Peer 1: 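Take this structure first; my questions come after.
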There are 2 protein chains.
Amino acid sequence: MKTLRMERLLKKNPVQVNRVEIGFCDVAFVAKALADENRLRIILSLTQGKKSVSRIVEELGISQPLASHHLKELKRTLLVTVERSGPFIYYELADHRIAAILTDLDGLATDLLANRTTF
Amino acid sequence: MKTLRMERLLKKNPVQVNRVEIGFCDVAFVAKALADENRLRIILSLTQGKKSVSRIVEELGISQPLASHHLKELKRTLLVTVERSGPFIYYELADHRIAAILTDLDGLATDLLANRTTF
DNA sequence: TATACATATAAACGTATATTTATATAATAT
DNA sequence: ATATTATATAAATATACGTTTATATGTATA
């Protein structure tokens with residue numbers, strides 16, 4: 001159940017335990033990887049399947065070094081796996097839940113920002 | 001269905017449309033708000049319900065200006081709503097899905113980083 | 001009105017990060 | 001071997017962001 005999982009999350013990351021702080025850094029570490037528009041576009045593109053760098057570069061219209069940079073970041077956070085095949089290097093989403101979370105985030109963002117009055 | 005929602009997301013944010021890029025900025029905008037450990041701790045704390053700034057400051061053990069700063073950021077991204085009552089100002093999560101996404105992110109992060117070989 | 005409390009804001013600082021430009025590595029083909 | 005393609009890395013720059021310190025605003029109370 002959702003409530004149970006949240007309680008486990010609270011237990012794992014107690015907001016306060018005798019004034020001693022317990023970190024949240026794993027979640028932040030992964031969340032940071034999602035906090036860039038180009039990386040989100042790369043991830044979204046990879047939901048269609050494994051792709052080479054050049055393919056991503058073409059599809060997104062970003063420079064090759066920029067794509068490499070962001071792919072390296074996604075690899076560092078373990079969100080993608082890498083595989084070489086000849087001269088090509090293929091990147092693939094490491095977990096199905098990534099796409100699901102992206103979808104949820106989009107739904108939330110859309111609704112939140114739908115009837116905003118100001119920026 | 002999950003697949004349908006993903007297709008809608010792809011349609012809304014096509015990776016490439018005649019070399020014309022379509023942004024992903026709403027999602028990134030919200031994701032950025034989740035990309036900080038202290039903000040995540042604030043959000044987690046607020047899953048327990050509406051709280052005043054001073055209560056958050058006590059529970060998290062961060063300075064009051066820092067809490068205000070992050071709460072302002074959460075407010076800017078519409079993740080929290082604000083309400084004044086006397087001298088106190090109460091912050092509350094704006095949407096139930098925020099907690100759900102946090103839980104999902106934690107599950108993902110935990111599994112991804114569980115059997116990493118290196119940092 | 002004066003004082004205390006709750007919160008916000010401003011300034012200043014250091015660090016992290018996104019992007020560009022240029023170059024290096026690695027694999028393939030001629 | 002040389003050239004070409006695919007990708008990575010390095011350097012440089014600008015900007016964004018988190019944090020601290022100090023101060024202001026706003027509300028209640030004596």
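Computed from a predicted model, the values in this text were never measured in an experiment. Labels below follow one simple rule: chain letters A, B, ... track the order of the sequence lines, proteins then strands, and each chain is numbered from 1.
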Peer 1: Nearest-Å distance, CD (A:E37) to P (C:dT19)?
Peer 2: 9 Å
Peer 1: Any ion pair linking A:R41 and A:E59 (charged N to carboxylate O, less than 4.0 Å)?
Peer 2: no
Peer 1: Between D:dT9 atom C1' and A:H69 atom NE2, what is the distance in whole Å?
Peer 2: 12 Å
Peer 1: Just wondering, more than 12 heavy atoms not from A:K32 lying within 6.0 Å of its NZ?
Peer 2: yes
Peer 1: Run through B:L71, B:V30, B:I42 and flag the one making a side chain to side chain contact (heavy atoms under 4.5 Å, CB included) with B:L79.
Peer 2: B:V30
Peer 1: When the distance from CG of B:D36 to P of D:dT19 is rounded to whole Å, what number comes out?
Peer 2: 5 Å
Peer 1: Checking all strands, does A:R55 fall into the base, sugar-phosphate, or nothing category for heavy-atom contacts under 4.0 angstrom?
Peer 2: nothing
Peer 1: When you measure from every atom of DNA chain C, which of residues 82-89 of chain A have a heavy atom less than 4.0 Å away?
Peer 2: A:R84, A:G86, A:P87
Peer 1: Please state how far atom OH in A:Y91 lies from atom C1' in D:dA6, giving the value in whole angstrom units.
Peer 2: 11 Å
Peer 1: If you define the side chain from C-beta out and look only at heavy atoms, does anything of A:V53 sit under 4.5 Å from A:Y91?
Peer 2: yes
Peer 1: If we ignore angles and hydrogens, is there a donor and acceptor under 3.5 Å between the side chains of A:E73 and A:T77?
Peer 2: no
Peer 1: C:dT19, D:dT19, D:dT20: which one has an atom nearest the side-chain heavy atoms of B:N38?
Peer 2: D:dT19
Peer 1: Just how far, in rounded Å, is P of D:dT19 from CG of B:L66?
Peer 2: 5 Å
Peer 1: What is the distance from atom OG1 of B:T47 to atom CG of B:L44, rounded to the nearest 0.5 Å?
Peer 2: 4.5 Å
Peer 1: Kindly give the heavy-atom pair with the smallest separation between A:A28 and B:D36, and that separation in Å.
Peer 2: CB-C, 4.3 Å
Peer 1: So, OP1 or OP2 of C:dT7: does either fall under 4.0 Å of a side-chain N or O from B:S54?
Peer 2: yes
Peer 1: Roughly, in whole Å, what's the span from CZ in A:R41 to P in C:dA18?
Peer 2: 15 Å
Peer 1: Between P on C:dA8 and NE2 on B:H70, what's the gap in Å once rounded to a whole number?
Peer 2: 14 Å
Peer 1: Quick one: is C:dA8 close enough that its OP1 or OP2 comes under 4.0 Å of any side-chain N or O from B:K72?
Peer 2: no
Peer 1: Using a cut-off of 4.0 Å on non-hydrogen atoms, how would the nucleic acid contact of A:K75 be classed: base, sugar-phosphate, or nothing?
Peer 2: nothing
Peer 1: Tell me the interatomic distance from B:Y90, atom OH, to D:dT27, atom C1', rounded to whole angstroms.
Peer 2: 13 Å
Peer 1: Is the base of D:dA8 touched by the side chain of A:Q64 through a donor-acceptor pair closer than 3.5 angstrom?
Peer 2: yes
